[in-house]
Amino acid sequence: MMIIRPIETKDLSDLLMMAKNAGSGLTTLPANEELLLAKIESSVNSFNQKTEESHRFYMFALEDTTAGRIAGVCGIEAAVGLNDVWYNYRVSTTVNASSELGIHKQTPTLYLTNDMTGCSELCSLFLDADYRKGNNGRLLSKCRFLFLAQFPHLFHQKVFAEMRGYSNEEGISPFWESLGRKFFSLDFTHADYLTGIGNKSFIAELMPKYPIYLPFLSEEAQETVGKTHDNTRPALAMLKSEGFNFNGLVDIFDAGPLVEAFVGNIRAVRQSRLVTIEVGTAEDFDENDRDPLIIANTHYQDSRAGLVSKQALVGKRLLINKSQADSLKLKTGDQVRILSLRESTHTKTSTHSKISN
Ligand SMILES: NC(=[NH2+])NCCC[C@H](N)C(=O)O
């Protein structure tokens, strides 16, 4: 059975293996044992309520209970930029106009901002290649919305996700080559890794201080502003279908887009609802069922989520069997939050405000 639960210290070796397989570009999951352990501990302390609410970091693991290993992780940072500084570029417009000469010039301009300070971040999503099938990806990504829906007071009203930016087949980010490299004299992967291990003071020290007129960058770099990496497209499509939108902010290193939503507007949050558990004789979940319900218990420390068949829902009662109840830490009479894994109201929005000179 595939279940979602808070990550534990015993998951370190599985997590390290996954981080190594992920390669570069996943800033929040660097393949560094000490750092991954620190992340796990930070999450464990958060779920144990040993950390102040705004400093909490929640990491959920997707566990294959049959294989006895974790197959993926995802995280929520309660608030970014409160211990250190959170950076983005805002894609703004500079206008120069001369009525005398009849010239009106709009120049896209990047401004360094800390605008997301205090907001909650969806981060660290990674699913092992062997498990990229069936319902796993959606379960892993969407379980976070049920947690947000259950505990909105622990998060900022605005949540966001930074999408990995464009890089070509050789792994080169044209935006980094045209801008970052000139100031940092580092490869993108190295700079990205340094951010991931929490060493961000070099950004303040080396980042260019003045706004950047976009036409001063290479054409290739200009084209990648607000563009995601090919591998990140499915994740972006999912977030858009949940109501996330591009807000004009991009990553300072690779210009990947940032998408945001108000918690109360997220489809999964709005459509999730509470029903009551009844433990009895029910069939185990069929992994081939493509249209299941995600169910999450309403516990904080013992948070669990998994999938059940839609047939399990009878009015306001959800019928599950003993083994499902045990793995989801549920008993008859408990409330659970449910959500259809697949229904979605597609909002057609672009990640890309048009950038032209
Ligand atoms: N791709 C990157 N590592 N970008 C660096 C900045 C990342 C993030 N916005 C922060 O301020 O920590």
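In listed order, ligands and their atoms are each counted from 1.
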Problem set entry | Carboxylate-amine/guanidinium proximity below 4.0 Å for E63 and R5 |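 Here E63 pairs with R5 in a salt bridge, since their nearest N and O are under 4.0 Å apart.
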For this session: Could you tell me whether D115 and K158 have a side-chain N and a carboxylate O separated by less than 4.0 Å?
Result: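 No.
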Problem set entry | CA sep, side-chain torsions, deciding dist, call: D254, R164, salt bridge (Lys or Arg N to Asp or Glu O under 4.0 Å) | CA-CA 8 Å; D254 64 15; R164 182 175 177 184; 5.8 Å; no
For this session: Ignoring hydrogens and angles, tell me if any N or O in the side chain of K200 forms a donor-acceptor pair with the backbone of D84 under 3.5 Å.
Result: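 Such a contact is absent between K200 side chain and D84 backbone.
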Pairs of nitrogen or oxygen atoms, one from ligand 1 and one from the protein, closer than 3.5 Å: please tabulate them with distances.
{"unit_1": "ligand 1", "atom_1": "1 (N)", "unit_2": "D192", "atom_2": "OD1", "d": "3.2"}
{"unit_1": "ligand 1", "atom_1": "1 (N)", "unit_2": "D251", "atom_2": "OD1", "d": "3.4"}
{"unit_1": "ligand 1", "atom_1": "1 (N)", "unit_2": "D251", "atom_2": "OD2", "d": "2.9"}
{"unit_1": "ligand 1", "atom_1": "3 (N)", "unit_2": "D192", "atom_2": "OD1", "d": "2.8"}
{"unit_1": "ligand 1", "atom_1": "3 (N)", "unit_2": "T195", "atom_2": "OG1", "d": "3.2"}
{"unit_1": "ligand 1", "atom_1": "4 (N)", "unit_2": "D251", "atom_2": "OD1", "d": "2.8"}
{"unit_1": "ligand 1", "atom_1": "4 (N)", "unit_2": "D251", "atom_2": "OD2", "d": "3.4"}
{"unit_1": "ligand 1", "atom_1": "9 (N)", "unit_2": "Y87", "atom_2": "O", "d": "2.9"}
{"unit_1": "ligand 1", "atom_1": "9 (N)", "unit_2": "E162", "atom_2": "OE1", "d": "3.3"}
{"unit_1": "ligand 1", "atom_1": "9 (N)", "unit_2": "E162", "atom_2": "OE2", "d": "3.0"}
{"unit_1": "ligand 1", "atom_1": "11 (O)", "unit_2": "Y87", "atom_2": "N", "d": "2.9"}
{"unit_1": "ligand 1", "atom_1": "11 (O)", "unit_2": "K200", "atom_2": "NZ", "d": "3.1"}
{"unit_1": "ligand 1", "atom_1": "12 (O)", "unit_2": "K200", "atom_2": "NZ", "d": "2.5"}

For this session: Identify, with sequence neighbours excluded, every residue that meets salt bridge (Lys or Arg N to Asp or Glu O under 4.0 Å) alongside R317.
Result: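 R317 satisfies salt bridge (Lys or Arg N to Asp or Glu O under 4.0 Å) with E278 only.
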For this session: List the steps and the verdict of salt bridge (Lys or Arg N to Asp or Glu O under 4.0 Å) for D230 and R233.
Result: CA-CA 6 Å; D230 286 349; R233 278 211 210 116; 2.7 Å; yes
